[in-house]
Number of protein chains: 2
Amino acid sequence: MESRCENCIIRQFNSLRAMSKEELKKVSDSKITKVIKKGEPLFEEGDKLNGVYCVRNGVSKLSKLSANGKDQIVKLATKGEVLGQRSVISQESTNLSAVAVDDMEVCFIPKESINNTLQKNPNFTLEVLRHMAHDLKEADDVIVNISQKTVKQRMAEAFLYLKNNFGEDEDGFLALTLSREDISNVVGTATESAIRIISEFKKKGLIHASGKKIGIKDERKLLEVVEGF
Amino acid sequence: MESRCENCIIRQFNSLRAMSKEELKKVSDSKITKVIKKGEPLFEEGDKLNGVYCVRNGVSKLSKLSANGKDQIVKLATKGEVLGQRSVISQESTNLSAVAVDDMEVCFIPKESINNTLQKNPNFTLEVLRHMAHDLKEADDVIVNISQKTVKQRMAEAFLYLKNNFGEDEDGFLALTLSREDISNVVGTATESAIRIISEFKKKGLIHASGKKIGIKDERKLLEVVEGF
DNA sequence: ACAAATTACTGATAAATATCATATTTTTAA
DNA sequence: TTAAAAATATGATATTTATCAGTAATTTGT
């Protein structure tokens, strides 16, 4: 495992690349590398975060619990993404829970290093800002999708999203395997409805499945479903 | 009308307050004050923005058109808010349209002033970042609301939101008057459904209405509806 | 002030989706 | 390994919401 932030490849993918040598050294000296097992939380809704988590490996679901007890997954974060930024920046407790979907390896970076750099290095702040602008745009898209598309359309979209963002394994299955419940929480529907649509997609030859694993069989048709045909 | 940014009260409400005297002077010299009539657009989805709009008066709806031709209103922006920031920051064309809901008065600030300050003044960048962090948190809340609450719950929530954010006039009506269609686009439902629920709320004494104007009659009961009772 | 256009409203019905019940399969832990 | 637990699957049904059709009220432009 690479232990010096200066040499960490992951850094290339996120805002940390805008840090100066000295800043990076401080981060490196104060960071703590952690292994999070599948199903374990990085943090929970309402926690006050004392730092951010830089994902080195694995995938985390960011979700928010609703009054009726269902989780809505707002984002799936993978290698190179930094979690908890918003909470640290706004100095509020976090509004999302982060739970490992895979076994994960993350670096915890205390907020002091972050805040210090935010105040002194405009390039870094601007990098973070650009990232957040992007996240906000994505969030707006999710809002429009959820409110204007049918569950079936969103299910099809979710599978394409999973392929595009997490890829496929050698057998043609989606590299990120989610439980049916997680899928339903991404899409924002009842688990039974998600399962029903998976069955339908299987019958129609849009996807194939083996246990939890799901593979995309006919991307074109899946895209047609998204478009509403 | 106040013509010098340095003296503009609106500035107190937004990130511009973190600008230095000189930066503010530049902004002031390059800004253009515009009057936008109710129903007119500030900008449209897909436009490349050459600057941001600082709202001095009136309200703008930020919306995104979906494939089926319905608008989803993602945010209602009022006095003190700055529109188009995200687009300018990420140097992409905007993903939202901004249309005046009221008669508006806005200052257009060319992107050069903004970008320049973003690169040189960490305090300003941090201010903008904090704002965006807040917007992102709100967007996450909207996602959870839309996917987990019923239309009726969201309608009740919308009225409370309108009261809390835009206040009431002397006769006890919501200060911001929206068309039924706009309300349905905020809530993310069919216009007829929104109208039906308004009728129901009227019958049950939760709200009262006179033409377009809607007033909150029983806030407690409205809150109960939001909570699902 | 008035005709035209838009917006608001209501009912009937269809479609989408959630919920409940229960069976089957898969995973987990002793 | 096996019993228990959890996840997946499917049918029946209820509920929610959208759509279509049509009328009434309001707003707009001349």
Side-chain angles (χ1 to χ4, degrees), chain A residues 37-40 66-72 101 103 145-158 173 177-204 207-214 225-226 228-229, chain B residues 37-40 61 66-72 99 101-103 145-158 173-174 177-204 207-214 225-226 228-229:
Chain A
K37 283 256 157 57
K38 177 179 174 172
E40 285 178 1
S66 69
N68 63 33
K70 277 212 78 175
D71 253 351
Q72 174 68 32
V101 170
D103 288 348
N145 268 341
I146 289 195
S147 74
Q148 306 287 9
K149 290 189 178 156
T150 65
V151 172
K152 206 177 288 181
Q153 287 176 299
R154 274 140 55 202
M155 285 289 293
E157 204 161 42
F173 290 109
T177 303
L178 294 175
S179 71
R180 303 297 193 253
E181 193 181 359
D182 277 344
I183 293 176
S184 76
N185 289 345
V186 167
V187 168
T189 189
T191 306
E192 296 96 320
S193 299
I195 290 172
R196 245 180 266 280
I197 289 169
I198 289 172
S199 301
E200 190 191 326
F201 284 178
K202 274 196 283 190
K203 265 187 212 138
K204 291 188 177 161
I207 62 175
H208 55 113
S210 160
K212 277 195 202 313
K213 282 185 180 299
I214 288 177
V225 172
V226 174
F229 293 112
Chain B
K37 283 260 155 58
K38 177 178 174 174
E40 286 178 0
K61 57 178 173 181
S66 70
N68 63 33
K70 277 212 76 176
D71 252 351
Q72 173 67 34
V99 173
V101 170
D102 270 335
D103 287 348
N145 268 341
I146 289 195
S147 73
Q148 307 286 7
K149 290 189 178 155
T150 65
V151 173
K152 206 177 288 181
Q153 286 177 299
R154 274 141 54 202
M155 284 289 292
E157 204 160 41
F173 290 108
L174 293 170
T177 303
L178 295 174
S179 70
R180 303 296 193 255
E181 191 180 1
D182 278 343
I183 293 176
S184 75
N185 288 345
V186 167
V187 168
T189 188
T191 306
E192 296 96 320
S193 299
I195 290 173
R196 247 180 265 279
I197 289 169
I198 289 172
S199 302
E200 190 192 325
F201 284 178
K202 275 196 282 190
K203 265 188 211 136
K204 291 188 176 160
I207 62 175
H208 56 113
S210 159
K212 277 197 203 312
K213 284 187 178 297
I214 289 178
V225 172
V226 175
F229 294 111

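The shown structure was predicted, so the numbers you read here are calculated from the model rather than taken from an experiment. Worth knowing before you read on, the calculation uses all heavy atoms, side chains too, and leaves out hydrogens, waters and symmetry mates. Below, chains carry the letters A, B, ... as their sequence lines are ordered, and counting in each starts from 1.
Toward the 5′ end of DNA chain C lies the nearest nucleotide of S179(B), the other residue of the pair S179(B) and A194(A) mapping further downstream.
For the pair N185(A) (side chain) and Q72(A) (backbone), a donor-acceptor distance under 3.5 Å is absent. R154(B) places no side-chain N or O within 3.5 Å of a backbone atom of N145(B) that could act as its donor or acceptor partner. In terms of modelled atom types and a separation under 3.5 Å, the side chain of T150(B) and the main chain of Q153(B) share a donor-acceptor contact.
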TODO: Any chance you could lay out the side-chain contact (heavy atoms from CB on, under 4.5 Å) test for I214(A) and F201(A), step after step, and finish with the verdict?
DONE: CA-CA 11 Å; I214(A) 288 177; F201(A) 284 178; over 6 Å; no

Open item on the list: Before you tell me yes or no, could you show the steps for D103(B) and K38(B) under side-chain contact (heavy atoms from CB on, under 4.5 Å), namely the whole-Å CA-CA distance, both residues' side-chain angles and the distance that decides it to 0.1 Å?
Closed with: CA-CA 5 Å; D103(B) 287 348; K38(B) 177 178 174 174; 3.4 Å; yes

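In this structure, S210(B) and F173(B) approach most closely via the heavy-atom pair CB-CZ, 3.8 Å.
The CE-C1' distance, from M155(B) to dA18(D), rounds to 15 Å in whole Å. Taking atom CD on E181(A) and atom P on dT19(C), their separation rounds to 13 Å, with Å as the unit. Spacing between atom CD1 of I198(B) and atom P of dT10(C) amounts to 10 Å, rounded to whole angstrom units. Distance E200(B) CD to dT10(C) C1': 14 Å, rounded to the nearest Å. Distance I195(B) CD1 to dG11(C) P: 13 Å, rounded to the nearest Å. D182(B) places its CG atom 16 Å from the P atom of dT6(C), with the value rounded to the nearest Å. Here dT27(D) presents its P atom at 11 Å from CZ of R180(B), a figure rounded to the nearest Å. Atom CD in Q153(A) sits roughly 14 Å away from atom C1' in dT17(C) (whole-Å rounding).
Environment of NZ in K152(A): sparse, with no more than 12 heavy atoms of neighbouring residues, nucleotides or ligands closer than 6.0 Å.
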Identify all side-chain donor-acceptor contacts of residues 188-199 of chain A below 3.5 Å with residues at least two apart in sequence or on another chain.
| residue | atom | partner | partner atom | Å |
| --- | --- | --- | --- | --- |
| T191(A) | OG1 | S184(A) | OG | 3.3 |
| S199(A) | OG | I195(A) | O | 3.1 |

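Direction of the helix axis in the helix from dA1(C)-dT30(D) to dA30(C)-dT1(D) shifts by 60° between the two five-pair termini, rounded to 10°.
Heavy atoms of K70(B) sit nowhere under 4.0 angstrom from any nucleic acid atom.
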Could you list the protein-to-nucleotides 20-30 of chain C atom pairs, N/O on both sides, closer than 3.5 Å?
| residue | atom | partner | partner atom | Å |
| --- | --- | --- | --- | --- |
| dC20(C) | N4 | E192(A) | OE2 | 3.4 |

What N/O pairs connect the protein and nucleotides 13-17 of chain D at under 3.5 Å? Give each pair on its own line.
| residue | atom | partner | partner atom | Å |
| --- | --- | --- | --- | --- |
| dT17(D) | OP1 | V151(B) | N | 2.9 |

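Applying the side chain to side chain contact (heavy atoms under 4.5 Å, CB included) test to K203(B) and every residue at least two apart in sequence or in another chain returns nothing. Scored by the side chain to side chain contact (heavy atoms under 4.5 Å, CB included) test, K212(A) finds T177(A), S179(A) as partners (sequence neighbours excluded).
Applying the 4.0 Å criterion to OP1 and OP2 of dT10(C), one finds that S199(B) has a side-chain N or O inside that range.
With rounding to the nearest 0.5 Å, the separation of CD1 in I207(B) from NZ in K213(B) is 14.0 Å.
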